[in-house]
Amino acid sequence: MHSEPLPAFAPESPPTALIACPECDLLLQPVPLIQPRSRAQCPRCGARLYSFYNDRLEKLLALSCAAVIMLLTAYAFPIVGLNIQGTYIETTVFGAIDKLWQEEREVLSGLVFVTTVMMPSVELGAILWLVIPLWRGVRPPGFAPVFRAFQMAHPWAMVEVFILGVLVSLVKLSHLADVLPGPAIWCFGCLMLLLAGLASLLDPYTLWHAWEDARATPAEAMEP
Ligand SMILES: [Zn+2]
């Protein structure tokens with residue numbers, strides 16, 4: 001990918017729309033990127049600021065729809081099955097959360113629920129809420145609070161930590177019983193990659209830029 005260092009803010013030039021580097025706070029004058037798959041970078045610390053994909057919204061929509069399908073499939077099917085001396089047992093994510101709760105491990109059960117169910121759902125719901133109207137050229141209602149909800153949920157959606165925990169358990173349990181990975185584990189694996197792809201495509205500058213280009217809703221257009 002081609003990287004383009006941005007010009008730093010010069011105090012003598014009129015301050016138009018400026019952006020601050022998220023890593024070192026240097027004030028910069030954003031320039032439109034023309035070459036597809038190019039990105040702007042901070043001239044001082046080299047941090048990535050924003051990037052240009054000519055079909056970014058379509059990619060975001062495709063990735064988020066695939067992620068929703070993976071998330072729902074992962075919740076519906078078992079994560080792991082165990083064959084202990086002829087007795088086969090299996091569990092889903094909700095089954096594991098319920099079992100932890102019944103065994104009086106409420107904090108752990110709550111953490112698993114928040115990091116693998118609640119936050120990934122909030123994250124994907126927020127992306128779809130923002131991207132579907134923008135893709136149709138309309139501003140989504142409540143853009144700023146929903147975008148903040150996405151940014152708040154993103155660090156707490158820990159599907160990859162959950163996957164790592166399940167893999168470690170599979171290796172440890174394989175000495176005691178026949179362990180069969182369920183369909184949900186593959187879905188969570190795909191979901192992990194899809195969420196990483198979504199996070200790399202969604203940068204605040206370009207989403208706000210898409211919001212500025214989109215048509216205002218009738219209520220916003222009536223405001224002075
Ligand atoms: Zn910087």
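When a ligand or atom number is given, it counts from 1 through the structure's own listing order.
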Greater than 12 external heavy atoms within 6.0 Å of Trp135's CH2: no

Pick from Leu71, Leu72, Thr116: which one makes a side-chain contact (heavy atoms from CB on, under 4.5 Å) with Ser121? Leu71

Quick check: does any side chain N or O of Arg139 sit under 3.5 Å from a backbone N or O of Leu134, one acting as donor and the other as acceptor? no

Hydrophobic clusters here meaning ILVMFWY residues chained together by side-chain heavy-atom distances under 4.5 Å, can you tell me if Leu202 and Met152 are in one? yes

Could you tell me the separation between the CD1 atom of Ile79 and the CZ atom of Phe162, rounded to the nearest 0.5 Å? 4.0 Å

Keeping to distances under 2.8 Å, can you name the protein N/O/S atoms close to the Zn ion (ligand 1)? Cys21 SG, Cys24 SG, Cys42 SG, Cys45 SG

Greater than 12 external heavy atoms within 6.0 Å of Phe77's CZ: no

